[in-house]
Amino acid sequence: MEITLRQIDKYRFLIPKQGNMYTDGIIYTTSEMLELIKNDQSLKQVANVACLPGIVGPSLAMPDIHEGYGFPIGGVAAFDLETGIISPGGVGYDINCGVRLLRSNLVKEDIIPVIEKLVDTLFFNIPTGVGSRRKDFKLNQTELKAVLKNGAKWAIKQGFGWSTDLEHIEAGGCLPQANPEFVSNKALERGKAQLGTLGSGNHFVEVGYVEEIYDEKIADAMGLFKNQVTVIIHTGSRGLGHQVCDDHIKVMLKAAAKYGISLPDKQLCCAPISSPEGQKYLAAMAAAANFAFTNRQMITHWVRESFEQFFKDSAEELGLDLIYDVCHNIAKIETHIYQGENKRLCIHRKGATRAFAPGHPEVPAAYREIGQPVLIPGDMGRYSYVLIGTKKAMEETFGSTCHGAGRVMSRHQAIKMAKGRNIAKEMRQKGIYVRGAGRYTLIEEISEAYKDVTDVIEVVHNAGISKKVARLKPMGVIKG
DNA sequence: ATGTGC
């Protein structure tokens, strides 16, 4: 099937329903950014997703779209709970990879003179890199299952965080469908010593500051102000989530055949949401999602402790409140208005962020009037953005927006291009102190390997599916 | 993304 693409308006492109597609594909992007993905499979993947049974509304993609396992990264797809499917490829290997943002009462001048020591402290306190594990903190099976069942509230109960954190996490930091019984022993084994570890790749903890405010009123409601120090934590469910994905892909390959679902690509393997296979994946995915929420909560605790050690002041006094925590690799059961009626749907967001509008009951009380905070990290050398969900997102994208910058270069290409360069030194000259765990981490994560996140943000802001609130600038980063 | 592989 040759992909035909038609421009709808300045920021939207249509793949009209054709062949085996049940519905259209719609990509939020610009013609310039489309050029960057013309040689990969991502547009074909948007069309492929539209061929899956029970899809409701268009197969959507965000401006940070690039090729992924089966579904594109940057993809959003909604499925009917009775006739639709659920697919591990629509969630991604890193189940509930996500981002959280902490505020503070500090300003950038407080940090600049001490950034190296502060980042070193974080690097020491938070296990980082491939296979990172905690030496002091290995859970037994019973405790781990409690984590998988209860999510972030388990951490709060153990003293890793504040009770006020919970209401500032998507879904309250716990997906209720979680059932650890459907998480394999192998996945459990991998998870036991990984709670509170950062991992590798694009995962990071970043100390930055608010460089620009676009909406004073909304920024103020979130507790953000110009030059304020912020902390972003970006990580997911580590080896546990990866193993859950792996295990259930094997099941889904058989299930798709069993239920007579014809797949344009094996990587789209799936099962009806209502089938035992679908329900088991949903329960295991939710358990892995809860592990990821708890992981970010534990890291938050150690970030607060690091700041306390460093500034000899309590985290409460330092105002290190959690602004919000978003998932960007997840399938959620949500109610949306579709063709004038309330409909319960399974929304797959793979490299896409929920962006619920003001007034939505799932937006925490503190943000009910302004809308759900949307957290979009860029690459380590440029910016990150804070946005807010909109009514238009509810109408057009099942309350979804982009998740990041999106790579333009493979890890391999990046290594080839940056050979012989001292990336840490280059970053230091730009005023950013970086500590990377792996031998190739910094080189794989160079700015040039990513789109400029600003271009991505301009699309979602101008298309109206989220609204810019603030731009953050990194000062210090720890990378896996 | 990953008890990656470059």
Side-chain angles (χ1 to χ4, degrees), chain A residues 40 42 45 64-75 87-99 127-135 138-139 144 183-195 197-205 233-250 267 284-285 288-289 291-293 295-296 299 326-331 348-353 377 379-380 403-407 409-421 423 436-446 449-450 479-480:
Chain A
D40 74 22
S42 46
Q45 291 183 328
D64 46 341
I65 178 178
H66 56 281
E67 190 180 315
Y69 182 89
F71 288 59
I73 295 160
S87 173
V91 171
Y93 268 89
D94 191 2
I95 295 167
N96 190 10
C97 186
V99 187
T128 298
V130 177
S132 49
R133 50 203 288 124
R134 294 205 74 91
K135 294 182 203 88
K138 191 174 173 186
L139 299 171
L144 179 57
V183 176
S184 69
N185 279 325
K186 199 174 173 188
L188 294 172
E189 279 310 312
R190 287 181 74 171
K192 275 181 182 170
Q194 288 189 323
L195 193 63
T197 67
L198 194 61
S200 69
N202 65 3
H203 289 165
F204 63 79
V205 174
I233 297 162
H234 177 205
T235 185
S237 51
R238 309 287 288 101
L240 184 140
H242 191 276
Q243 192 62 47
V244 165
C245 182
D246 233 17
D247 292 340
H248 288 261
I249 279 175
K250 289 189 190 97
Q267 294 186 353
M285 184 218 65
F291 183 88
F293 283 134
N295 193 28
R296 292 195 287 273
I299 291 174
V326 295
C327 318
H328 57 219
N329 273 10
I330 204 153
H348 290 65
R349 293 192 185 92
K350 182 192 194 176
T353 312
D379 66 82
M380 63 181 176
H403 90 302
R407 292 193 81 92
M409 233 179 261
S410 69
R411 295 187 174 275
H412 182 74
Q413 279 176 300
I415 291 168
K416 239 169 104 179
M417 196 202 68
K419 206 178 166 187
R421 280 165 56 183
I423 305 304
R439 199 172 148 205
Y440 293 96
T441 305
L442 295 187
I443 221 166
E444 288 174 351
E445 291 290 320
I446 47 168
Y450 285 88
K479 291 285 277 181

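Order of the sequence lines fixes the chain letters, A, B, ..., with proteins taken first and strands second; residue numbering starts at 1 for each chain. Predicted, not measured: the structure shown is a model, and the values here were computed from it.
Closest-nucleotide positions on DNA chain B for A:G199 and A:H412 were compared, and the one nearer the 5' end corresponds to A:G199. Remark on DNA chain B: of its neighbouring residues A:E445 and A:Y440, the 5'-side contact belongs to A:E445, judged by nearest-heavy-atom nucleotide.
Counting non-hydrogen atoms under 4.0 angstrom, A:R238 reaches the backbone sugars and phosphates but no base. Counting non-hydrogen atoms under 4.0 angstrom, A:G92 reaches nothing in the nucleic acid. Among the heavy atoms of the strands lying under 4.0 Å from A:Q194 are primed sugar atoms or P, OP1, OP2 only; no base atom is included. Among the protein residues, A:K350 comes within range of no part of the nucleic acid, since none of its heavy atoms lies under 4.0 Å from any strand.
Relative to the side chain of A:Y93, the nucleotides B:dA1, B:dC6, B:dT2 differ in distance, and B:dA1 lies closest.
The interatomic distance linking A:I446 (CD1) with B:dC6 (C1') rounds to 14 Å, in whole Å. Taking atom CG of residue A:D246 and atom P of nucleotide B:dT2, one finds them 13 Å apart after rounding to whole Å. Atom CD1 in A:I249 sits roughly 12 Å away from atom C1' in B:dT2 (whole-Å rounding). When rounded to the nearest whole Å, the span between NZ of A:K186 and C1' of B:dT2 equals 11 Å. Atom OH of A:Y450 is separated from atom C1' of B:dA1 by 11 Å (rounded to the nearest Å). For the pair A:K479 NZ and B:dA1 C1', the computed distance is 12 Å after rounding to whole Å. Per the geometry, CG belonging to A:L240 stands 12 Å off P belonging to B:dT2, to the nearest Å. The nearest whole Å value for the distance from the NE2 atom in A:H248 to the P atom in B:dA1 is 22 Å.
Between B:dA1 and A:R411, a contact under 4.0 Å exists linking OP1 or OP2 to a side-chain N or O. A sub-4.0 Å separation between OP1 or OP2 of B:dT2 and a side-chain N or O of A:S200 is present.
In this structure, A:Y93 and A:I249 have side chains that are in contact, with non-hydrogen atoms separated by less than 4.5 Å. Residues A:N96 and A:F291 have side chains not in contact (no heavy-atom distance under 4.5 Å, counting atoms from C-beta outward).
No hydrogens or angles considered: a donor-acceptor pair under 3.5 Å links the side chains of A:D64 and A:H403.
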What side-chain donor-acceptor pairs closer than 3.5 Å can you find for residues 237-244 of chain A, not counting sequence neighbours?
residue : atom : partner : partner atom : Å
A:S237  : OG   : A:D94   : OD1          : 3.4
A:S237  : OG   : A:I95   : N            : 3.4
A:S237  : OG   : A:I95   : O            : 2.7
A:R238  : NE   : A:T197  : OG1          : 2.7
A:R238  : NH2  : A:S132  : O            : 3.2
A:R238  : NH2  : A:S132  : OG           : 3.1
A:Q243  : OE1  : A:R190  : NH1          : 2.8
A:Q243  : NE2  : A:D247  : OD1          : 2.9

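For the pair A:H242 and B:dA1, the ring geometry qualifies as stacking, because the centroid separation is below 5.5 Å while the planes lie within an angle under 30°.
With sequence neighbours excluded, the residues forming a side chain to side chain contact (heavy atoms under 4.5 Å, CB included) with A:A414 are A:R407, A:M409, A:I446, A:A449, listed by chain and number.
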